[in-house]
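Chain letters run A, B, ... following the sequence lines, proteins first, then strands; residues in each count from 1.
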Amino acid sequence: MTLVLALIDCDNFYASCERVFQPRLESQPVAVLSNNDGCVIARSNEAKALGIPMGAPAFQYRGIFWRHGVKLFSPNFELYGDMSDRVMATLRPFTEQMEIYSIDEAFALLPGLPEEEHESYGQAIRSAVLKHTGIPVSVGIAPTKTLAKIALELIKQTPAKTGVLAIGRLPNLDAQLAGLSVRKVWGIGHAFTARLERLGIRTVQDLKHADLRQVRRILPVNGFRTAMELNGRSCLPLTALDAPCKSVICSRSFSRAVRTFGELSEAVAAFAARAAEKLRKEHRTATILQVFVETNRFKERDWYANVKAVVLPRSTNYTPDLLAAAQEALQHLFIPGRNYKRAGVLLSELQNDSSGQPDLFGETSAGALERRSQLMKTMDAINQRYGQGTARFLAEGTVQPWRMKRLLKSPAYTTQLAEIPVARC
DNA sequence: TCTGGGGTCCTAGGACCC
DNA sequence: TCTGGGGTCCTAGGACCC
């Protein structure tokens, strides 16, 4: 039986989130920047039309921003995360099963409907999300995930922006696929495109009709699956909604170079503490902690990057334990005299949190474990209520001069009572 | 002056074993 | 010139995604 899969993708998600709360920006060019206001990470259609590419370094495009009055924003992930939750909640009643694939897109299994009703169903989804959240979405409908992705690609290329496309209803699918570079296929990146092109496989249509044995020889197994999916054979099922994460990372570029061990150590402690918070939120514990540091990779002459892993004596999400491990790792990494530009903490070998449960051979008593767990819960609650970093460890530093800059950030409209929008008559 | 951050999966190759 | 043949497990690094 063929599935009816939909891919629902928020249009220019971060830019659209900003617009919801500043409607006067409708039809104006809007760009959202990365941390430290470094690169462009989201663009409204108007900004795209100005030729501002994804990932563009902001300083190189300052002229264009200024000439065309591009409205710039620092990233407001608190807002985007909350808006994403609202979008996903709106989608759920329309679907039999859903896989939230990223902050701005979800795959969904649609109920069994006659094919001629697919597009109107997609339109209904689209109107509901727009009405409930103010976010415009596009909907691609197809028998496989890969084809649903292709549908979204085709939507982008058609001038009549209806926002919904059911692949099965397309009269000239092959002709359209022949006009699409193989690079546009989900899972085919830079390197795989080069390999395929060497075999003369240049368009999506070429890949769809390629000799699968040949494809298998030059691509890993997922490349093979992708080719099958283009032919309507579903190989990539919807994954479980609550699949536990396998690693947690927190890393940042610094607003300016960091030279001293003291400052670097503060930053790494702060990242470890953020990572630990994420871990507790997911009810997980980590067994391995890795610290990595890097100097400015755009100044190749002094580029230095290194990583050090520490195996924790017991799987934990208790911040002080992770801070100690991070310090130990950093001792091995730090070389004086360098200008560090970025650092991070990666937690892996995750397990389900069984805190409160005393470990068989450990010296820590049940009572002590319970107190540790309570302490973390209290800190998390304070930070949840009053904003990240309100309660923190001294090791994270007080001044934090390396802290990223977000000079153009919009308010936390939906998650902080103090920043809620006010309507004036 | 100024160039993001957070993930997953796969594979090749080394170490080790019989 | 020939240099056994399977296995397993682990890790680093590559490739991809948004």
If one requires at least 3 consecutive Watson-Crick or G-U pairs with distances under 3.5 Å, the stems of DNA chain B turn out to be B:5-18 with C:5-18
Output yes when a side-chain donor or acceptor of A:Arg19 lies under 3.5 Å from a complementary backbone atom of A:Gln28, and no otherwise.
yes
In terms of ring plane angle, is the pair A:Tyr61 and A:Phe65 parallel, tilted or perpendicular, where the classes change at 30° and 60°? tilted
(Q) Can you classify the ring geometry of A:Tyr304 versus A:Tyr340 as parallel (below 30°), tilted (30 to 60°) or perpendicular (above 60°)? (A) perpendicular
Would you mind classifying the nucleic acid contact of [X] as base, sugar-phosphate or nothing, using non-hydrogen atoms under 4.0 angstrom?
X	result
A:Val345	nothing
A:Lys278	sugar-phosphate
A:Phe77	nothing
A:Asp104	sugar-phosphate
A:Asn222	sugar-phosphate
A:Arg342	sugar-phosphate
A:Ile188	sugar-phosphate
A:Arg225	sugar-phosphate
A:Ala58	nothing
A:Phe13	nothing

Span of DNA chain B engaged by chain A, first through last nucleotide within the 4.0 Å heavy-atom cut-off, is B:dT1 to B:dT11
The residue, A:Leu346 or A:Arg216, whose nearest nucleotide of DNA chain B is more 5′ is A:Leu346
On DNA chain B, more 5' by nearest nucleotide between A:Pro220 and A:Arg252 is A:Arg252
Would you give me the side-chain donor-acceptor pairs under 3.5 Å for residues 341-349 of chain A, sequence neighbours excluded?
{"unit_1": "A:Lys341", "atom_1": "NZ", "unit_2": "A:Phe254", "atom_2": "O", "d": "2.8"}
{"unit_1": "A:Arg342", "atom_1": "NE", "unit_2": "A:Glu294", "atom_2": "OE1", "d": "3.3"}
{"unit_1": "A:Arg342", "atom_1": "NH1", "unit_2": "A:Ser251", "atom_2": "OG", "d": "3.3"}

Residue set satisfying side-chain contact (heavy atoms from CB on, under 4.5 Å) with A:Lys281, at least two apart, ordered chain then number -> none
Across all chains, not counting sequence neighbours, the side-chain contact (heavy atoms from CB on, under 4.5 Å) partners of A:Ala391 are A:Met379, A:Ile382, A:Asn383
With a 4.0 Å cut-off on N to O distance, would you call A:Arg183 and A:Glu153 a salt bridge? no
Rounding to an integer number of angstrom, what distance separates B:dG4 and C:dC17 when you compare their C1' atoms? 15 Å
Closest heavy-atom pair, A:Ala31 versus A:Val40, reported as atoms and distance to 0.1 Å, is CB-CG1, 4.3 Å
Only distances under 3.5 Å count here; give the side-chain donor-acceptor pairs of residues 189-196 of chain A to other protein atoms, sequence neighbours excluded, each with its distance to 0.1 Å.
{"unit_1": "A:Thr193", "atom_1": "OG1", "unit_2": "A:Gly189", "atom_2": "O", "d": "2.6"}
{"unit_1": "A:Arg195", "atom_1": "NH1", "unit_2": "A:Ile218", "atom_2": "O", "d": "2.8"}

